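Before any comments, here is the structure.
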Amino acid sequence: MATKGAKLDLNKVRNIGIIAHIDAGKTTTTERVLYYTGMIHKIGEVHEGAATTDYMEQERERGITITAAAITANWRDHQINVIDTPGHVDFTAEVQRSLRVLDGGVVVFDGVAGVEPQSETVWRQANNYSVPRICFVNKMDRVGANFQRCVDMIIERVNGNPVVIQIPYGEGPEFAGIIDLIDMKLITYEGDMGNTITEHEIPEAYREQAETRRMEMVEKVVENDDFLTEKYLMGEEVTHDELLGAMRAATIAGKIHPVLCGSALKNKGVQTMLNRVVDLLPSPLDIPDIKGMHPKTEEPVTRRADNDEPTAALVFKIITDPYVGRLAFFRVYSGVVKAGSMLVNTSKGEKERIGRIVRMFADRREDVEEVQAGDIAAILGLKETFTGDTLSDANNPIVLEKISFPEPVIELSIEPNSKADQDKMGIALRRLAEEDPTFKIEVDDKLGQTKIKGMGELHLEILVDRMFREFNVQASVGKPRVAYRETITRHARIDTTFKRQTGGSGQYARVVIEFDPLTEEERLALPPGEDWMWVDSIRGGTIPREFIKPTMNGVRDAMQGGVLAGYPVTLLKATLVDGAFHDVDSSEMAFKVAGSMCLKEGVQKAGPVLLEPTMKVEVVVPEDYTGTIVGDLSARRGIISGMEPRGGGATSVRATVPLGEMFGYATNLRNMTQGRGAFTMEFEKYAVAPNNIAEEVIKSGR
């Protein structure tokens, strides 16, 4: 615990996330971590609605994690800050923002299902943030569990480099323990809670397999270390400490992904996994220094994880607590954040007084005086600071890279039942949007209607449910609708002059902009969160520099409503090539209006088309139903991309399907498979909608 004056040994800190596909057992694993580290004295089960980190009513009812919960635990004299993240694709932003501040991850895989679609997504996100990770193959006690198949899928599906450091002692109902290849021991877990850990010699029936797997492990590890490679090739013994050191270095560098196994529900393997978290995952000192920029000069700035450096911290999550107000979770990258001190929110240029600082110990909070470099905690009472904002020392300001989030793909209308509800709804929606950057609110002035947008049906369902329960709002909710987009298909060059004369000085601006669809290379080169490109090709001062940015802002603002059905315009390149100004009458506002007019005309002339979101869908069903499912997905305009057998006589069907065809699919799937099918869905890309769909959307008065 970070108390005043006590220096935190950063070598003994681990900031880790538990990440995985929905239902792989992340929360069950986290619950065991809390129990074995002494943070809780009774394990709460997800299926009983009693898990410690699933503290929201909606999480307990549905048995899923919705918000990332941050907790602090101690193991082997190390402080471990753990974030249990959601697995459902609708809450992918929770994973994204957690990975942004974590140093390492434990990726949990279902021993029966292997690498599932959301496992692929979180793996990609971990790659984007260069997060070192170890893999925990869970549910080895389940019928159909297959450890080797899961390891193979890590290579095939996510292009990982798995290094097996444990193998299961039996699989399925026969699973009785773990054979550790580093220590070459069989480990068993006895007692109701698996507290009695016993080491045995490896049984004869498993010895040959264990020795072969250990040789494979050693070869894969030493190839990342020149000294050990030479030693190994000379036939010399690689010592235990040398092996562990090389494995740690290769894991932190992201070159290998050590694979462990166990069954969290049956209390087998979690303590050993915690040992390897301490042994193999990085401390804040092992990761590169954090990079940012000076808010005024935009010069690059670097900060080391050191208490003596100027303070730099990133807020990565906001929670609205009904009892204490807004909680801002933050990671300190350098310096010390002290209760009662004053810092600057460099993202917004506002001063913030640091009130109470609390550390989350599972389901209780503890006040602390200060939080040191490399640590994670929460602040109460920040006024202007939200997700992605930087808190910094006023004399040495730095802005850290913001967290980028995907755009919403689904929307629904919501209308309050009374005037009192209207006021309450406004407050509720604002609070929920502060917590969740992928939740957007839009007021349609033409219809006098409020629309809310999110990442999926479940996402919006949960948010509406919270609005009803936590904020006591009574409202009527419309049906979910697809958030379409518009784009262009050909080149257009537009010459626009905005001229207005009102007594005295008038308004004058002329801009010439060329519009083109983005090529695939240009799209991939866009910064995270951007979906269009602006190019300034003005030469010779035909437009003064101070009018370039307002022109760009005019184009950007006009892209919020397209010409076909009023949906946002995306995936275009706007190149400012020429223009003219007037010494007296030109202003920033005039160029902004000209940019806006230019965009509207440009989209009209550049072959506008409607785009619809398409989803990556995976359906897992008993083999008998495969034909029915394939036929149904094809009828929904789906393109089947693959089928493969799964454990226990099930088949996985993968397809790309337009989102508009997937509403209510959960009910249909239950009916088609007598309740035995399951599916997952995640956003893939926007694609051109067929003419009949586009005509329908445009006709519906949008």
Side-chain angles (χ1 to χ4, degrees), residues 20-26 46-47 58-59 61-66 86-92 95 108-124 139 142 144 150 153 157-158 406 409-410 454-462 479-482 612-685 687:
H21 182 91
I22 190 168
D23 230 13
K26 290 176 309 305
V46 175
H47 54 268
Q58 292 84 353
E59 293 179 309
E61 285 169 3
R62 290 169 174 80
I64 61 168
T65 302
I66 293 166
H88 197 287
V89 66
D90 285 13
F91 309 105
T92 186
V95 184
V108 181
F109 294 106
D110 182 325
V112 180
V115 179
E116 299 171 271
Q118 189 62 12
S119 317
E120 295 178 50
T121 306
V122 295
W123 192 278
R124 267 201 317 275
K139 303 191 180 184
R142 293 260 307 275
C150 197
M153 286 177 84
R157 285 274 187 104
V158 295
V409 294
I410 190 169
M455 300 306 296
E457 282 184 274
L458 181 65
H459 186 204
L460 291 183
E461 184 191 315
I462 301 268
K479 281 199 176 110
R481 291 189 306 192
V482 177
E612 61 178 354
T614 62
M615 313 300 282
K616 258 200 308 196
V617 177
E618 180 170 40
V619 189
V620 179
V621 289
E623 227 167 286
D624 310 352
Y625 298 104
T626 310
T628 311
I629 295 305
V630 169
D632 180 67
L633 288 173
S634 301
R636 294 171 185 269
R637 298 193 283 127
I639 297 164
I640 308 297
S641 56
M643 285 168 29
E644 62 184 44
R646 278 288 173 86
T651 301
S652 149
V653 179
R654 296 202 304 282
T656 301
V657 192
L659 174 62
E661 304 289 342
M662 290 299 290
F663 289 141
Y665 185 67
T667 309
N668 286 18
L669 181 64
R670 271 199 300 273
N671 294 341
M672 285 187 290
T673 62
Q674 298 178 327
R676 294 168 68 197
F679 84 104
T680 53
M681 175 169 83
E682 66 169 305
F683 173 72
E684 185 178 46
K685 62 177 183 182

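Quick caveat: nothing in here was measured; it's all calculated off a predicted structure.
- Met615 places none of its side-chain heavy atoms less than 4.5 Å from the side chain of Val657.
- How far CG of Leu633 is from CD1 of Ile639: 11.5 Å, rounded to the nearest 0.5 Å.
- Expressed to the nearest 0.5 Å, how far NZ of Lys616 lies from CD of Glu682 amounts to 4.5 Å.
- Of all non-hydrogen atoms in Ser119 and Phe109, the two that sit nearest each other are CB-CE2, 3.8 Å.
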For residues 623-632, run the donor-acceptor check on the side chains, cut-off 3.5 Å, and write out each pair with its distance to 0.1 Å, sequence neighbours left out.
from   : atom 1 : to     : atom 2 : distance (Å)
Tyr625 : OH     : Gln674 : OE1    : 3.0
Thr626 : OG1    : Glu623 : O      : 2.7
Asp632 : OD2    : Arg636 : NE     : 2.9

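- Partners of Arg157 according to the side chain to side chain donor-acceptor pair (under 3.5 Å) rule, which considers only residues two or more places apart in sequence or in another chain, are Glu120, Glu644.
- The shortest non-hydrogen separation linking Arg481 to Phe663 is C-CZ, 3.9 Å.
- The nearest pair of heavy atoms linking Ala650 to Val620 is CB-CG1, 4.0 Å.
- Partners of Ser652 by side chain to side chain donor-acceptor pair (under 3.5 Å), not counting sequence neighbours, listed by chain and number: Glu618.
- Closest approach of Met455 and Val409 over heavy atoms only: O-CG2, 3.7 Å.
- Within the structure, side-chain hydrogen bond (donor to acceptor under 3.5 Å, both in side chains) contacts touching residues 657-671 (residues at least two apart or in different chains) are Arg637-Glu661.
- Of all non-hydrogen atoms in Gly114 and Cys150, the two that sit nearest each other are CA-SG, 3.8 Å.
- In terms of heavy atoms, Gly454 sits closest to Leu460 at N-CD2, 3.6 Å.
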Criterion side-chain contact (heavy atoms from CB on, under 4.5 Å) on Arg142 and Asp110, from CA distance to verdict: CA-CA 9 Å; Arg142 293 260 307 275; Asp110 182 325; 4.2 Å; yes

Test side-chain contact (heavy atoms from CB on, under 4.5 Å) applied to Glu116 and Thr680, step by step: CA-CA 9 Å; Glu116 299 171 271; Thr680 53; 5.8 Å; no

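- Two residues are said to be in side-chain contact when any heavy atoms from C-beta on lie closer than 4.5 Å; Pro613 and Val482 meet this criterion.
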Derivation of the side-chain contact (heavy atoms from CB on, under 4.5 Å) call for Arg676 and Val621: CA-CA 7 Å; Arg676 294 168 68 197; Val621 289; over 6 Å; no

